[in-house]
K.L.:
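Structure below; questions to follow.
Just so it is clear, the values below take in all heavy atoms, side chains as well, and ignore hydrogens, waters and symmetry mates. Naming convention: chains lettered A, B, ... in sequence-line order (proteins, then strands); numbering from 1 in each chain. Please read all numbers here as calculations on a predicted model, not as lab measurements.
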2 protein chains.
Amino acid sequence: MTTIPSVPKHEWLRATLMDDIRGLPPHAPLPTERNLSDTYNVSRDTVRKALDWLHTSGAIYRVQGAGTFVAGMTITKTLSLSSFTRDMIDRGMEPSSKLLAMDRRAAGRVIGEQLGVAESDEVVRVTRVRLANARPICLETTHIVGALVPGLMDADLTESLYAILDTRYSLRVMRAEQIVTAVAVSEIEAALLAIPTHSAAMHVHRIGMDERDSPIESTTTIYRGDMYDLRFAVHRH
Amino acid sequence: MTTIPSVPKHEWLRATLMDDIRGLPPHAPLPTERNLSDTYNVSRDTVRKALDWLHTSGAIYRVQGAGTFVAGMTITKTLSLSSFTRDMIDRGMEPSSKLLAMDRRAAGRVIGEQLGVAESDEVVRVTRVRLANARPICLETTHIVGALVPGLMDADLTESLYAILDTRYSLRVMRAEQIVTAVAVSEIEAALLAIPTHSAAMHVHRIGMDERDSPIESTTTIYRGDMYDLRFAVHRH
DNA sequence: AAGTGGTCTAGACCACAGA
DNA sequence: CTGTGGTCTAGACCACTTT
């Protein structure tokens, strides 16, 4: 049993169990909590932390007095924070991007409020078409607080913006608030996404914040209704 | 300090803290974990359970070595399992329903598979227009395993179906899988929702299961794009 | 009766932030 | 350096399901 350093035990255990679960049929019983505790030489509380996560993700269900079982899962994801790049890889597709426009400009009232800066403060605006397996999936416009990202204009925006923010500026989006609505696409949007005008699309607005709750970016994404869906498991309590 | 019986301490503490938080400005510091532990006479682990939940909900953020703070929250909800009735009340609107149709029929292949019954098994189908403040918000078609709900045909379907399932049949939906897409409404849907044909709408398909992972209901809901949105906070890990 | 998950405790050590 | 949140432990009792 090789344990990877600097990773909390419950996270490692969670990943280990997730692998096991993939090889089991639905409703198969997992070892008991006390059993897992012995097997992996961790406390039962640590086992519970790992199982709690798997439960919230919808991968397992628990019955008091009976045991823990593999969920009859078709969806095993909770909605979590991931970039377009990561999202597409998870869906088994190859992501790419086409940069449409990029400039520095005054934030304006709306964006300024969202990002917690003055109207006149500078923001970087990046507009990209994002593709999966070379087919356009969505249109994405991101505003980033200018003071946080000096020199961003020179970066290669065909790769993951989140990756650039992390490696070049040590900015990591740890939390985000999202609002999802259904909209009909405009002529311009339709042309860029190669779909008919007024087609249905999913409009996602996200404000991404760092670990101290400071806004980093505000992004508006228009997803093709016929190419994208949102899947997740929810729970009572 | 009155403690309500039969409720786990961490749930009670969570609710108590949530009330406190509502009265505080963003970024205000919360008492330390050890402090809360003393104040409420619970272990630090119990305090952490409560704070963990508030953190996942997006109501607070934590900085190691510094403290716990009120989030600059505009959205403090995680996506959770709630009925239309509950959802609308949370949004400050008055929910109501109009029953369009209700019948018993063979499940068929698709619904049968979703509900884990044979094609020929009976399901109850309920179609309703759901309103908020007397304005139509969505069109909802629910299929329920017939064997689980004898006599449901006599029930008053203008009230919450989830409530009826719970009180009359002891069926509680504890987990659900959802798939959200954007669609253009058909002529019939448009008429029922009082919007133009081909308007954009949010299509939500949900399969609700009990605590043992047995499917109870399969529901398809068409939400007006101009009257409904999905709001939630997401986190890294 | 035996075994399971659900809750709770008191204490320990660590990594990190701030004065 | 002190205090904070992050992790982990060993043990206890409860509510519940199954035999």
K.L.:
Pick out the pairs of N or O atoms, protein on one side and nucleotides 17-19 of chain C on the other, that lie under 3.5 Å.
P.N.:
unit_1 : atom_1 : unit_2   : atom_2 : d
C:dG18 : OP1    : A:Arg212 : NH2    : 2.7

K.L.:
Between B:Arg62 and D:dG6, is there a contact of a side-chain N or O with OP1 or OP2 at under 4.0 Å?
P.N.:
yes

K.L.:
For A:Gly67 and A:Asp45, take the nucleotide of DNA chain C holding the closest heavy atom to each; which residue's nucleotide lies nearer the 5' end?
P.N.:
A:Gly67

K.L.:
Only one of A:His143, A:Arg206, A:His205 passes side chain to side chain donor-acceptor pair (under 3.5 Å) with A:Ser218; say which it is.
P.N.:
A:His205

K.L.:
Please report the distance, rounded to the nearest Å, between CZ in A:Arg44 and P in C:dC8.
P.N.:
13 Å

K.L.:
Mind telling me whether B:Tyr223 and B:Tyr228 have parallel, tilted or perpendicular rings, with 30° and 60° as the class edges?
P.N.:
parallel

K.L.:
Round to the nearest Å and state the distance from B:Leu36 atom CG to C:dT9 atom P.
P.N.:
13 Å

K.L.:
Would you tell me if any nitrogen or oxygen in the side chain of A:Thr68 comes within less than 4.0 Å of OP1 or OP2 on C:dG5?
P.N.:
yes

K.L.:
Please give, in whole Å, the distance from C:dG6 C1' to B:Glu11 CD?
P.N.:
11 Å

K.L.:
Compare the minimum distances between each of D:dT7, D:dG5, C:dG5 and the side chain of A:Glu33, then state the nucleotide with the smallest one.
P.N.:
C:dG5

K.L.:
When you check the gap from the basic side-chain N to the acidic O, do B:Arg91 and B:Asp87 get nearer than 4.0 Å?
P.N.:
yes

K.L.:
Do any side-chain nitrogens or oxygens of B:Lys49 fall under 4.0 Å of OP1 or OP2 in C:dG6?
P.N.:
no

K.L.:
Specify the separation, in whole Å, of atom OH of A:Tyr40 and atom C1' of D:dC8.
P.N.:
18 Å

K.L.:
Start at the 5' end of DNA chain D and walk down; is the nucleotide closest to B:Thr32 or to A:Ser43 reached first?
P.N.:
B:Thr32

K.L.:
Would you call the rings of B:Tyr61 and B:His27 parallel, tilted or perpendicular, taking 30° and 60° as the class edges?
P.N.:
perpendicular

K.L.:
Salt bridge check, A:Asp52 against A:Arg62: does any charged N sit closer than 4.0 Å to a carboxylate O?
P.N.:
yes

K.L.:
How about CD on A:Glu94, more than 12 heavy atoms from neighbouring residues, nucleotides or ligands closer than 6.0 Å, or not?
P.N.:
no

K.L.:
Would you indicate whether A:Arg172, at its atom CZ, is surrounded by more than 12 heavy atoms from other residues, nucleotides or ligands within a distance under 6.0 Å?
P.N.:
no

K.L.:
So if I take every side-chain heavy atom of A:Pro8 and compare against D:dA12, D:dC8, D:dG6, which nucleotide ends up nearest?
P.N.:
D:dC8

K.L.:
Tell whether B:Arg34 reaches the base of D:dG5 with its side chain through a donor-acceptor pair below 3.5 angstrom.
P.N.:
yes

K.L.:
Taking CG from A:Leu51 and C1' from C:dT7, how many angstroms apart are they, rounded to a whole number?
P.N.:
15 Å

K.L.:
Counting only side-chain N and O atoms of A:Thr46, is one of them less than 4.0 Å from OP1 or OP2 of D:dT9?
P.N.:
yes

K.L.:
In whole angstrom, what separates B:Asp52's CG from D:dG5's P?
P.N.:
12 Å

K.L.:
Can you see if the side chain of A:Arg48 gets near the phosphate of C:dG5 - specifically, an N or O under 4.0 Å from OP1 or OP2?
P.N.:
no

K.L.:
What is the distance from OH of A:Tyr61 to C1' of C:dG5, rounded to the nearest Å?
P.N.:
14 Å

K.L.:
If the cut-off is 4.0 Å, is A:Lys9 near the phosphate of D:dT9, judged by side-chain N/O to OP1 or OP2?
P.N.:
yes

K.L.:
Between P on D:dG6 and CH2 on A:Trp53, what's the gap in Å once rounded to a whole number?
P.N.:
18 Å

K.L.:
Hey, is the main chain of A:Gly72 close enough, under 3.5 Å, to the side chain of B:Asp213 for a donor-acceptor pair?
P.N.:
yes

